[in-house]
Amino acid sequence: NIGCIYEMYDDYEKSQEYNERALKIQLETLGENHIELITTYSNLGVLYTNIGKYDEAMELYQKSVEIGLSHYGETHEEMVPSYLNIAVLYSIVGHYDESFTYYQKVLDILNNNIDNESKIFMDKCYNGIGAYYMRKGKYQESIEYIKKALDVRLTVYGNKHPLVGSSYGDLATIYMAAENYEDALFCNEMAIKIKSRVFGDNHTELVGPYGIRGMIYMYMEKYDEALTYLNNSLEISVSVLGENNPDLLSIYERLGLLY
């Protein structure tokens, strides 16, 4: 628990120290196949994922899965968090087909176990599958799954939650890629409205939505509007990161295209 708290504060060194201490004690007192090790391996895996140690994270996630399988079996709902961790990690490292396989495992389990707690996992699963189809250029399938994620978030969180804003933002990006600019603008407007209400107009959460709106207007050849929103995105980013941060490269490139 202490390790998780340190991770919430981005103190990964302390988090690693306490999680590894917990793992050592559990291995010594409970053995290598105890059910409590599932959570400990998963927590360490998430930590290693956050600091970019992906091979180590995958090894820990696999151990979590192995223990889970020995206690629950392959299709038990208790396997969902472990499968999701692996799905997310495969996506991060660019192994999208493997990621899709694990998202599908989760979906198969959750379809037989729908309750309020399961809906949280369903949301992540739909998002992951939607992102997979987006990368494949299968926009209609992607929209279908992102809309399912949106429906879950609306049910669980209500229509003013920032995660709902993120779903609208995801839809805007897909509609833009599919050249459906009117729907892209509507979803983007919803994302901006929700996130502005929660965070204020000049928060970093608005960088992405402003940038996407600028790109939509650029594709629609509404260049003045495009310039306004891309500059909004740039100003917020510069205020937080400084003007020479490499994370600003994509915004500079978009402005370069516009000019």
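Nothing here was measured: the structure is a model prediction, and the numbers come from that model.
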Could you give me the CA-CA distance, side-chain angles and deciding distance for T75 and D108, then say whether side chain to side chain donor-acceptor pair (under 3.5 Å) is met? CA-CA 8 Å; T75 60; D108 290 343; over 6 Å; no

Using a 3.5 Å distance criterion without hydrogens, assess whether the side chain of [X] forms a donor-acceptor pair with backbone atoms of [Y].
X	Y	result
R153	V164	no
N188	P209	yes
S233	V207	yes
S196	K193	no

So do [Y] and [X] actually touch side chain to side chain, heavy atoms under 4.5 Å?
X	Y	result
N111	M122	yes
Y210	L230	no
L185	Y175	no
K222	I216	no
T49	Y61	yes
M215	M218	yes
S91	R135	yes
E182	M220	yes

Please report the shortest heavy-atom distance between [X] and [Y], naming the atom on each side.
X	Y	value
A87	S99	O-OG, 2.7 Å
I146	S167	CG2-O, 3.9 Å
S142	I174	OG-CD1, 3.1 Å
E77	I109	CA-CG2, 3.6 Å
Q104	I129	OE1-CD1, 4.3 Å
I236	D201	CD1-O, 3.8 Å

Does atom CD of E74 have more than 12 heavy-atom neighbours from other groups under 6.0 Å away? no

Just wondering, more than 12 heavy atoms not from K148 lying within 6.0 Å of its NZ? yes

Do you reckon [X] sits in the same ILVMFWY cluster as [Y], going by side-chain contacts under 4.5 Å, direct or chained?
X	Y	result
Y103	Y139	no
V198	V156	no
L27	I38	yes
L60	L69	yes
Y229	M176	yes

How many angstroms lie between atom [atom1] of [X] and atom [atom2] of [Y], to the nearest 0.5 angstrom?
X	Y	atom1	atom2	value
H34	T40	NE2	OG1	10.5 Å
I143	N180	CD1	CG	7.0 Å
E59	D55	CD	CG	9.0 Å
T173	M134	OG1	CE	6.5 Å
L234	R254	CG	CZ	11.5 Å
Y41	L23	OH	CG	5.0 Å

Is a side-chain donor-acceptor pair under 3.5 Å present for K195 with S166? yes

N85 versus S64, side-chain donor and acceptor atoms under 3.5 Å: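 Their side chains do not contain a donor-acceptor pair, so the 3.5 Å distance test is not met.
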
Please say which of Y145, F100, Y126, Y96 ends up in a ring-ring contact (aromatic ring centres under 6.0 Å, His included) with Y132. F100

Check step by step if side-chain contact (heavy atoms from CB on, under 4.5 Å) holds for E36 and L30. CA-CA 9 Å; E36 288 190 17; L30 302 175; 3.9 Å; yes

Is K105 close enough and on-axis enough to Y102, meaning under 6.0 Å and within 45°, for cation-pi?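 That pair qualifies as a cation-pi contact.
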
Charged N to carboxylate O below 4.0 Å: is that the case for K136 and D97?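 Yes, K136 and D97 are salt-bridged.
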
